Amino acid sequence: EFVYGYSGWCPTVGGDTHGDQNIFYLKNGELIYPASAVLVMYDKKTHTQRFYRDHDDDISGIAIHPNGVVVATGQVGHGPPINIWDSGAGTWSGTAENAELLAGGPPPWPPETIGQLHFHERCIRAMDFSRDGKLLMSVGGDDGHTIAIWNWAEGEIMATAKGHGGAVITAGFNPFQCRSIDEAEWESDAHYTLMSCGTKHIKFWTLSLVPDPEFKTSGGGSMNPKASVADKIGTKPLPGKKQLDLVKKPPKKGLSGEITNRRKEKMKWFLEGDTGKFGKAKIEDVLCVTFVPAPDLEGYDPDYNLECLT
């Protein structure tokens, strides 16, 4: 059984713009990419493929967790789900210590759905995990291209905001400008920076904690608070795998629980964005962006001479 082809034009809705978030490496070196409603995991050394088939319509977004094993995939549809699944490409914190023995051999193991997240409309245009792997950013296909920030392991939306009137093609967390809950001296000092771009725009975002006297300890969002509507789905776990329950859980200290600042004020997550400005230059479609740690970049001047950009 072998799948020929690759849905390189992803997101698939609209057809006039393509995304760059559609092919990745997994922990074990396999390539993962969409082919219609199927996710293909290809081993170039053995020229073999594995498949994830739990979507019922075309794949429109993919994100790989920093552990290289957990995958988030979205599809098109009236109320498209985001599937969170274990690719079986190796072990992670959700894998039992005796997984290899129980599964009958070393990885890769058959993929396993962990759960689903529901919020967006029409399609999932783009997704990305934060550097610490605790948050998932997703962009919907509605008119406002709404952005949602998920505490995915708890199935909760932390914050939402309207993305842009133009089509959002790609989005992601900046791994070099963030302070996670675990890294912050005070939890209230945690913040993340993000970006989104697409049809004639690029937008820069900040996710941070701000005082909120009316913050409810039961959780919620920020700019447009919404309770989690993540649904638990009945999937049979593979031997040795930890089945995460992506439904709302009791509040706890940390991402979804009560957070206070040094003045003991209760805090809430707030997502705020600002459109990038380029002076008098007319901005065209921004199709892809990457973050670079080095202070110097090499680029070409108007005469196509290589130069150092600082």
Side-chain angles (χ1 to χ4, degrees), residues 3 5-14 18-28 30-42 49-90 92 94 108-130 133-141 145-153 155 157 168-173 229-233 235 237-238 241 243-244 246:
V3 171
Y6 155 56
S7 300
W9 287 78
C10 172
T12 54
V13 173
H18 72 276
D20 67 324
Q21 298 175 317
N22 48 37
I23 186 165
F24 300 91
Y25 279 105
L26 294 174
K27 182 178 181 179
N28 63 348
E30 289 178 310
L31 283 169
I32 179 171
Y33 54 89
S36 188
V38 176
L39 270 300
V40 179
M41 290 161 281
Y42 172 65
Q49 294 179 337
R50 299 186 297 124
F51 309 105
Y52 177 74
R53 308 173 187 266
D54 284 6
H55 284 283
D56 56 16
D57 213 327
D58 289 352
I59 307 300
S60 60
I62 307 173
I64 308 299
H65 192 277
N67 63 27
V69 179
V70 174
V71 183
T73 49
Q75 65 176 60
V76 303
H78 179 69
I82 297 174
N83 283 13
I84 308 293
W85 51 284
D86 185 332
S87 66
W92 59 292
W109 299 305
E112 171 194 2
T113 296
I114 299 171
Q116 287 186 327
L117 306 173
H118 293 271
F119 171 70
H120 293 292
E121 300 174 1
R122 301 178 187 168
C123 72
I124 311 300
R125 294 198 66 93
M127 291 186 292
D128 190 34
F129 284 98
S130 59
K134 294 184 176 181
L135 301 181
L136 174 68
M137 175 192 200
S138 60
V139 183
H145 300 99
T146 302
I147 294 175
I149 307 296
W150 298 85
N151 179 4
W152 63 271
I157 294 177
V168 175
I169 297 174
T170 189
F173 284 88
V229 289
D231 298 321
K232 179 180 177 182
I233 61 174
T235 56
L238 295 176
K241 296 292 184 69
Q243 184 80 353
L244 293 182
L246 296 191

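Everything numeric in this text was worked out from a predicted model, so none of it was measured. Excluded from the calculations below are hydrogen atoms, water molecules and symmetry mates; all remaining heavy atoms, backbone and side chain alike, are included.
Checked by atom type and distance alone, the side chain of Thr73 never pairs as donor or acceptor with a backbone atom of Ile62 at under 3.5 Å. Proximity of a side-chain donor or acceptor of Ser60 to a complementary backbone N or O of Arg125 within less than 3.5 Å is not detected. Between the Gln49 side chain and the Val3 main chain, a donor and an acceptor come within less than 3.5 Å of each other.
You'll find the side chain of Ser87 reaches within 4.5 Å of the side chain of Met41, heavy atoms only. Residues Tyr6 and Asn22 are in side-chain contact: their nearest non-hydrogen atoms beyond the backbone lie under 4.5 Å apart. Val71 has its side chain out of reach of Phe24: every pair of non-hydrogen atoms, C-beta onward, lies at least 4.5 Å apart. Taking 4.5 Å as the limit, some side-chain heavy atom of Leu39 sits within range of a side-chain heavy atom of His55. Using a 4.5 Å cut-off on side-chain heavy atoms (C-beta onward), Lys27 and Asn67 make no contact.
Every residue meeting the side chain to side chain contact (heavy atoms under 4.5 Å, CB included) condition with Pro81, not counting sequence neighbours, appears here in chain and number order: Gln75, Asn83, Gln116, His118.
Between the CH2 atom in Trp109 and the CG atom in Asp86 there is a gap of 8.0 Å [rounded to 0.5 Å]. Ile59 CD1 to Ser36 OG: the interatomic distance, rounded to the nearest 0.5 Å, is 8.0 Å. Rounded to the nearest 0.5 angstrom, Ile114 CD1 and Ile84 CD1 are separated by 7.5 Å. With rounding to the nearest 0.5 Å, the separation of CZ in Phe119 from OG1 in Thr146 is 5.5 Å. How far CD of Glu121 is from NE2 of His78: 7.0 Å, rounded to the nearest 0.5 Å. Atom OH of Tyr42 and atom CG of Leu31 lie 8.0 Å apart (nearest 0.5 Å).
At most 12 heavy atoms of other shown residues, nucleotides or ligands fall within 6.0 angstrom of atom OH in Tyr25.
Of all non-hydrogen atoms in Pro111 and Phe51, the two that sit nearest each other are CG-O, 3.3 Å. The minimum heavy-atom distance between Leu136 and Phe173, with the atom names listed, is C-CE1, 4.3 Å. Shown here for Gly5 and Tyr33, the closest heavy-atom pair between the two residues is O-CE1, 3.6 Å. What you find for Phe129 and Pro66 is that their closest heavy atoms are CB-CD, 3.9 Å. Across all non-hydrogen atoms, the minimal contact from Ile64 to Gly68 is CG2-CA, 4.0 Å. Closest non-hydrogen pair, Asn28 versus Ala89, comes out as CB-O, 3.3 Å.
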Discussion item. Under the criterion side-chain contact (heavy atoms from CB on, under 4.5 Å), I'd like the reasoning laid out for Trp85 against Asp54: C-alpha separation, chi angles, the key distance, then a yes or no.
Written reply: CA-CA 9 Å; Trp85 51 284; Asp54 284 6; over 6 Å; no
Discussion item. Pair Ile82, Trp150 - check side-chain contact (heavy atoms from CB on, under 4.5 Å), show working.
Written reply: CA-CA 11 Å; Ile82 297 174; Trp150 298 85; 4.1 Å; yes
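The side-chain contact (heavy atoms from CB on, under 4.5 Å) test with Cys123 singles out one residue from Val76, Val139, Asp58, and that residue is Val76.
Aromatic pair Trp152/His65: ring centres closer than 6.0 Å.
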